[in-house]
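The structure appears below as C-alpha cells.
Here is the naming used below: chain letters follow the sequence lines, and residue numbers restart at 1 for every chain. What you see below is based on every heavy atom in this structure, not just the backbone, and it leaves out hydrogens, waters and symmetry mates.
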Amino acid sequence: MARYIISRAAQSVVLLFLVALITFVLIHAAPGGPGILMNDQKMTAAQIKELEANLGLDKPLYVQFADWLAQLARGNLGIAYTSDLPVTQMIAVRLPATLLLGGSALTLSLAVAIPVGIATAIRPRSLLDNVVSALSFVGVSMPVFWLGLMFIIVFAVDLRVMPAAGMRTAGAALTAADLLRHLLMPAVVLAAAFMAGFSRYVRTAMIEVLAQPYIRTARSKGLAARMVLYRHALRNSLIPLVTMVGLALPLLIGGAAITEQVFAWPGMGQLAVQAAYAHDYPLIMGITIVVAAAVIGINLLTDLSYALIDPRIELHAS
Amino acid sequence: MGSEYRRTRVVRQASARLGRNPLAVASLGYLLAAYTIAILAGYVAPDSPTTMDLSAFLAAPSPAHPLGTDDNGRDVLSRLVYGGRVSLTVGLAAVIVSVVVGVAVGLTTAYFGGWPDTVLMRLTDAMLTIPTFFLLLVVMAFFGSTLQNVILAIGLTSWMGVARLVRGEILRVKGMDFVEAARALGASPQRMMTKHLLPQAGPQIIVAASLGTGAAILAESALSYLGLGVQPPIPTWGNMLSGAQNFIWQAPQLAVYPGMLILLTVLAFNFLGEGLRDVFTVED
C-alpha cells in the first residue's frame, strides 16, 4: 500500500512539473514573450533593460524556469504585473467565489443526474429515456455561455425575477438570501452542461451492474426490488462515477470560468480572462498552475480512496 | 484490384446503413447546406457583413434587413452567413490539426513503445490535466488573436483523445496474425504503420473527427465571445454573441440567432458522429 501511494504521488509530481513546463514554454515561445508589457513607446531602451533585470527576464530561460520552480515549491507565485500584489493573494481573494459556483453546480448536476440515470436504466427505451437522451445531446451541443445569455433574457430581461449579473445587490448588505439569488442562475447554467453527461454515465454503469449474476442472486433470494436496486446495484455503479467526475473537473473549471464572465461573477475565471487581456503573465501562469494542481490533487485522492475501498483494485499494477 | 473492390463494397454498405438513420441523414444534409452557404456567402448574403448604417441602429426586421440590424446598423442575416463561414472553417481546420497530431502521437507510442511511449503518454496526461480553457487563454493572449492562431490553438489542445484511441487500437491489433504475416513478408515500418495498422483505427478516427468538429466550433465560439478569438469587424457566431450581450436589454433577439446556429451545427456534427459510430460498430 505504501509503495502504491508513493508511486502514485510521484506520478502526480511529474505531471505537475510537465504542466508547469508546458505553460512556461508556451509563454516564452510567444513573440515578445512575457516582456510584451514593456513594448511601451515612452520607455527608453535603458529603462526596458532595467525593468527586465528587475523582473529577472534577462537571465537564460532555464535559469528563469528553475527560479520560478524554486519559488513555486515555497508557495510563491510571484507578483502580478497589473496590480503589484502577490499572485497567491489575488487568487486567494477570488477562490471562494469560484469554489462556491463550481461546488454548487457540481452538487446540483449530480443531484439531478443520479436519480435520472437510475430511472432511465430501469426502463431503457422508455419515453423518459428518450427525452433524457435527446436533452443530453442538446446539453453537450450548446455553448454554456449562450445558455447563460438565454437565462438572462428570460429571467432577468423578460420576467425581471432574477438579477442579471454580480454576486450581490449593489449597496445592499451581504445576506445569504441575496447571495443565493445571484448564485442560482450561474449555478443552474453550469450544472446543465454536466447533467447530461453524468446521467448518461450513471445509466450505462447501472445497466451493466444490473446484468451481473450477483444481482440475479439477490433477486432470487427474494429481496425487495428496491433493496436490490439501492443497496446492491447503486453502490457499485457509483464507484466509476467518481472517476468520471474527476475527469470532468478540468472542463468544469473551464466552464465555470466562462460562466463567471457571462454573469460577472467575481471568481478566478474572470481574473484569468482579465490577466489574459492585460498580458499579466505571472498571474495567468499562477492561475493555470493552481487549477492544474487542484485537478491533479483531487484525481490522486480519488485514486487512493479507491485503492482503500475497492478490494478489486490491483495495488502493484503500474 | 481485389482490395479496391472490397473497399467500395464496404463504403457502399456503410452508407446504406447510415441511410437508415434519419437523424444522421438530416444532420449530413444540414451540414452540406451550411457549408455550401458559407462557401457561397458572397452570393447568398443580402448585404455586406461590415457595412455600417448608423441610421439603422438596432433596426427591427424589414424587407431590406430580414433579421434586423445590430448596434452598428449592420445587417444581421448577412453577418450570420459570413460568421458561419469563419466558425465552420475553424471547426474543420482545427480538427485536421488535432487528428494529424493525435495520429502521429498514437502511432509513435504504440509502434515503438519504450521511452517514446512513456514520454509522450505522460505529456498526453499532462495536457488532459490542464484545463484546456486556460491554455487557450494563454495562447490567444500571448500569440495574438488571428484566425490561424485560433485554429492552431484549438487543434493543439484537443489531439489527446485521438492519440489515445489510435494507440489503443494499434496495441490491440499489433499481435494479430495479419500483422505478423505482413512483418514476416518484410514490410517496412512505414508500410506497416500506414497500410496495416492505421487503417484499423480509421473508423474510430472518423467518428472522433465528427464529434471533434462540433467541440472545436464550441471552443471557437467561447474564445470569440471572450474577445480573444477572431477579432471584429470579421463576424463569427461567437463574437456576434459578445456584441449582443451589451444590448441584451434593448435587443435580446441578437443574442438568440447566432447561438441557435451554433447549437444546430454542433448538434448535427454530434448526431452524425454517433450515427457513424453505430455504422462502424455493427461492422465489427
Side-chain angles (χ1 to χ4, degrees), chain A residues 11 14-19 21-23 26-34 36 137-138 140-147 149-150 152-154 156-158 164 247 249-255 257-258 261-262 269 272-273 275-281 284-285 287-288 291-292 295-296 299, chain B residues 23 119 122-144 149 153 156 211 214-215 217-223 225-228 237-238 241-242 244-245 248-250 252-256 258-260 262-271 274:
Chain A
Q11 276 175 23
V14 171
L15 219 52
L16 193 59
F17 173 80
L18 279 175
V19 172
L21 187 65
I22 291 170
T23 8
L26 256 182
I27 288 176
H28 287 267
I36 203 158
F137 263 106
V138 175
V140 294
S141 307
M142 190 161 41
V144 181
F145 64 91
W146 183 66
L147 183 64
L149 291 177
M150 293 303 102
I152 293 178
I153 290 179
V154 173
V157 177
D158 285 347
L247 289 176
L249 219 53
L251 281 175
L252 182 78
I253 296 171
I258 197 156
Q261 201 66 23
V262 177
V273 174
Y277 283 138
H279 296 285
D280 190 335
Y281 107 97
I284 191 133
M285 232 167 131
I287 295 174
T288 310
V291 168
V295 173
I296 293 172
N299 282 336
Chain B
L23 265 178
V119 171
R122 280 283 161 272
L123 182 73
T124 308
D125 289 345
M127 289 292 292
L128 282 169
T129 307
I130 310 179
T132 314
F133 180 78
F134 293 90
L135 215 53
L136 286 175
L137 280 187
V138 170
V139 174
M140 296 324 297
F142 288 91
F143 286 79
N149 283 352
L156 293 178
L211 300 176
I217 290 175
L218 282 181
E220 184 277 330
S221 74
L223 278 180
Y225 167 75
L226 291 175
L228 290 162
W237 290 338
L241 282 172
S242 90
Q245 191 172 9
I248 202 159
W249 297 89
Q250 298 97 317
Q253 77 278 2
L254 292 183
V256 177
M260 287 300 289
I262 298 172
L263 173 60
L264 279 177
T265 308
V266 178
L267 207 52
F269 273 113
N270 285 343
F271 280 140
E274 293 298 330

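Residue Leu26(A) touches chain B through both its backbone and its side chain, counting heavy-atom pairs closer than 4.5 Å. Contact of Ala275(A) with chain B is not made at all, since no heavy-atom distance falls under 4.5 Å. When heavy atoms are compared at a cutoff of 4.5 Å, Phe137(A) approaches chain B by way of both its backbone and its side chain. Neither the backbone nor the side chain of Met140(B) comes within less than 4.5 Å of any heavy atom of chain A. Both the backbone and the side chain of Leu123(B) come within contact range of chain A, with heavy atoms under 4.5 Å apart. Looking at Ile287(A), the atoms closer than 4.5 Å to chain B (heavy atoms on both sides) all sit in the side chain, from C-beta outward. Both the backbone and the side chain of Met142(A) come within less than 4.5 Å of a heavy atom in chain B. Contact of Ser221(B) with chain A is made through backbone and side chain together, with heavy-atom distances under 4.5 Å. For a residue to count as touching a neighbouring chain, one of its non-hydrogen atoms must lie under 4.5 Å from one of that chain's; by this rule Val144(A) does not touch chain B.
Within the 4.5 Å cutoff, the side chain of Phe133(B) has no heavy atoms near those of the Leu251(A) side chain. Using a 4.5 Å heavy-atom threshold, the side chains of Val256(B) and Ile153(A) count as touching. At a threshold of 4.5 Å between non-hydrogen side-chain atoms, the residues Ile262(B) and Trp146(A) do not count as touching. By the 4.5 Å heavy-atom criterion applied to side chains, Leu211(B) and Glu274(B) are counted as neighbours.
Atom CE of Met260(B) has 12 or fewer heavy atoms from other residues, nucleotides or ligands within 6.0 Å.
Rounded to the nearest 0.5 Å, atoms CG (Leu223(B)) and CD1 (Ile258(A)) are 7.5 Å apart. One distance of note links CD1 of Ile248(B) with CD1 of Ile152(A); it measures 5.0 Å at 0.5 Å rounding.
Considering only heavy-atom pairs separated by less than 4.5 Å from chain B, the leading option among Ile22(A), Thr23(A), Val14(A), Leu16(A) is Ile22(A). Among Gly214(B), Ala222(B), Gly144(B), Pro258(B), the residue making the largest number of heavy-atom pairs under 4.5 Å with chain A is Ala222(B). Between chain B and the options Val295(A), Val262(A), Asp158(A), Leu21(A), the largest number of non-hydrogen pairs under 4.5 Å is found for Val262(A).
The six-membered or imidazole ring of His28(A) lies away from that of Phe142(B), with a centre-to-centre distance of 6.0 Å or more.
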